[in-house]
Structures are given as structure tokens and as C-alpha cells.
Amino acid sequence: MDNVEKIKTPLFSNITSEDLEHIYEPYEDSFLLIDALEKDLHMIRERQPSVCLEVGSGSGVVLTALASALGPRCQYRATDINPKACRVTRETGKLNGVQIETTCTDLVSAVQDELKGKVDVLLFNPPYVVTPSDEIGRGDLEHTWAGGERGREVMDRLFPCVNSLLSPQGLFYLVALKENDPDDICETMTKFGFSNTTLLARQTGPEKLCVLRFGHKQLFE
Ligand SMILES: C[S@@+](CC[C@H](N)C(=O)[O-])C[C@H]1O[C@@H](n2cnc3c(N)ncnc32)[C@H](O)[C@@H]1O
């Protein structure tokens with residue numbers, strides 16, 4: 001499509017091999033989310049976002065890519081349960097001229113009061129791999145992929161918080177795997193008052209991934 005504005009993949013030469021023993025190396029799912037944001041950039045820009053929040057920012061490449069395209073008028077916030085990921089997220093932002101404020105917390109616990117109703121763009125590329133429940137949180141790397149039953153145990157805990165975090169015009173972008181049952185995710189989010197769109201879907205090796213976008217129902221009526 002000619003009219004799609006490009007989002008540059010950020011530099012991430014700041015990430016050392018030692019970091020990669022603890023944090024998620026940008027991979028196909030990260031780039032799928034960046035591609036989905038590129039596809040939706042016109043809609044994001046129209047909203048003149050003031051706050052973008054990425055949950056589980058890992059290396060920070062996704063939020064940095066979005067921030068580089070949107071510019072400095074917006075506040076860029078990130079959370080991760082892993083303090084090393086928070087540090088690398090800030091560094092990746094800095095390397096690309098973007099300021100990202102990070103908070104080390106479980107999902108959005110430490111920021112949800114402050115950011116209530118203010119988040120215009122919410123991003124989550126969750127740990128989505130189907131694993132035994134007790135693999136969740138076993139270590140830094142397990143945090144990056146272990147999703148427990150149906151790969152849903154971590155992302156499912158964020159869904160009830162989305163309504164109170166998003167601004168009235170806010171959009172929520174979520175990466176999901178076929179095994180996570182995207183139709184059921186959409187049904188769950190419908191119950192919380194959201195409309196959904198599948199923005200992109202891609203087979204990457206054995207994984208069938210998609211990016212879902214949610215917005216308050218009345219926005220799309
Ligand atoms: C699949 S990685 C995605 C990293 C990055 N957003 C990307 O797309 O490359 C999932 C990230 O979520 C973080 N994470 C896992 N469980 C979390 C939780 N309960 N709260 C906050 N972050 C979490 C992990 O530490 C990891 O950085």
C-alpha cells in the first residue's frame with residue numbers, strides 16, 4: 001500500500017549478549033507488532049495521543065519504533081516485571097532519541113491509578129506460549145514466553161484493567177497466538193465493552209501469530 005507511512009525499526013545495538021541472557025531478544029512477534037502499528041499509524045496519529053504505554057516492553061524496540069514515528073509531544077511509558085528489561089528499554093529509547101519512563105511492576109499494578117483513563121495507545125506482546133502454569137515466573141527468560149494454560153494466564157490478567165486505563169479514544173494492541181484462541185479473547189473483550197479488529201496475521205515458523213486491536217465499542221459504531 002503506497003499510502004502507509006513507514007515506521008523505522010529502531011537501532012538496538014545497546015543490547016549486549018549478557019542482556020540477552022535475561023531479556024527478550026526482538027523477534028518475529030515484536031516486528032509483527034511494529035508492522036501492525038505502521039499499518040495503523042494514520043489512526044493513531046488522528047488521535048494525537050498524549051500517553052502511550054507498553055506493558056512488558058522487554059528490549060523496548062516496539063515502543064521506541066512507535067515513539068520515533070509519533071514524536072516527542074507524547075509521553076512514553078513502559079512496564080516490565082523484569083528490572084533489566086526496564087533498563088534496556090530506557091537505553092534503547094535513548095539510543096534512538098526517545099525518552100521512555102519505565103516502571104518495574106506486575107502488568108500495570110504500579111501505574112494504573114496514575115494513568116487511569118489517560119492511555120491513548122496500549123501495547124502488549126505478552127508471554128503467550130502454552131506451558132505448565134508453574135513455568136510462569138520461574139526466571140527472567142521464562143517471564144518472556146511462559147503463558148501457562150492456553151498461553152493465556154498472563155494476558156488474561158490484563159484484560160479487566162484495559163477499560164479503566166484507556167482514554168475514551170484509546171486503542172489497545174495485543175499480540176496473540178492461534179493456541180491462545182483469539183476468537184475467545186475477542187469475546188472476552190466484547191464483554192468488557194470493546195470492539196475488535198484483527199490487524200495482521202502471520203505464520204512465523206511453527207507459530208501462527210496475529211495482532212488484535214481493541215477500542216471502546218462506541219468509537220466504532
Ligand atoms: C514476549 S516478551 C515481549 C517483549 C517486547 N515487548 C517485544 O515485543 O519484543 C514479553 C515481555 O513481558 C514481560 N512480562 C512477563 N510477565 C509480565 C508481567 N506479569 N508484568 C509485566 N511484564 C511482564 C517479560 O519480562 C517480557 O519482557
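Numbers here are sequence positions counted from 1. Start at 1 and go down the list; that is how both ligands and their atoms are numbered. Quick note: numbers below take in every heavy atom, side chains included, and nothing from hydrogens, waters or symmetry partners. What you see is a predicted model, and the numbers here were worked out from it, not measured in a lab.
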Problem set entry | Asp80, portion touching ligand 1 at heavy-atom distance under 4.0 Å | both
Exercise. Should the proximity of Thr105 to ligand 1, defined as any heavy atom under 4.0 Å, be assigned to the side chain, the backbone, both, or neither?
Worked result: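 Thr105 to ligand 1: backbone contact only, side chain stays beyond 4.0 Å.
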Exercise. Within a strict 4.5 Å, meaning less than it, do heavy atoms of the Trp145 and Glu135 side chains meet?
Worked result: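 Answer yes - side chains close enough.
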Exercise. Would you call Ser68 and Val98 a side-chain contact if the rule is heavy atoms closer than 4.5 Å?
Worked result: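 Yes - at least one pair of side-chain heavy atoms lies under 4.5 Å apart.
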If the cut-off is 4.0 Å to any non-hydrogen atom of [X], which atoms of ligand 1 fall inside it?
X: Pro126; result: 1 (C)
X: Ser30; result: 7 (C), 8 (O), 9 (O)
X: Ser57; result: 5 (C), 6 (N)
X: Val62; result: 8 (O)
X: Glu54; result: 6 (N)

For this session: Tell me which one of Thr89, Asn82, Leu63, Leu107 gets a heavy atom nearest to atom 20 (N) of ligand 1.
Result: Leu107
Quick one: look up the protein heavy atom nearest [atom] and list residue, atom name and how far away it is.
atom: atom 11 (C) of ligand 1; answer: Gly56 O, 3.4 Å
atom: atom 17 (C) of ligand 1; answer: Ile81 CG2, 3.8 Å
atom: atom 1 (C) of ligand 1; answer: Thr144 O, 3.1 Å
atom: atom 19 (N) of ligand 1; answer: Asp106 OD1, 2.7 Å
atom: atom 15 (C) of ligand 1; answer: His143 O, 3.0 Å

For this session: Indicate if Leu11 and Leu33 have the same hydrophobic cluster label, given that clusters are the connected sets of ILVMFWY residues with side-chain heavy-atom separations under 4.5 angstrom.
Result: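 Result: no, two separate clusters.
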For this session: Before signing off on this row, confirm whether Asn125 and ligand 1 have an N or O atom pair separated by under 3.5 Å.
Result: yes
Problem set entry | Polar proximity ligand 1 side, Val154 side, N/O cut 3.5 Å exclusive | no
Answer yes when [X] and [Y] have at least one side-chain N-carboxylate O distance shorter than 4.0 Å, and no when they do not.
X: Arg87; Y: Asp19; value: yes
X: Lys84; Y: Glu21; value: no
X: Asp134; Y: Arg138; value: yes
X: Glu38; Y: Lys6; value: yes

Exercise. When the ring planes of Phe194 and His216 are compared, do they come out parallel, tilted or perpendicular, using 30° and 60° as the limits?
Worked result: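 The arrangement is parallel - the two ring planes meet at less than 30°.
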For this session: In sequence, state the C-alpha distance, the side-chain angles, and the governing distance for Met189 and Asn196, and then conclude on side chain to side chain contact (heavy atoms under 4.5 Å, CB included).
Result: CA-CA 8 Å; Met189 291 302 285; Asn196 63 78; 6.0 Å; no
For this session: Please confirm whether Arg157 comes under 4.0 Å of ligand 1, counting heavy atoms of the residue only.
Result: yes
For this session: Can you establish whether the number of heavy atoms outside Phe31 located under 6.0 Å from its atom CZ is more than 12?
Result: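 Yes, CZ of Phe31 has more than 12 neighbouring heavy atoms, counting only those of other groups under 6.0 Å.
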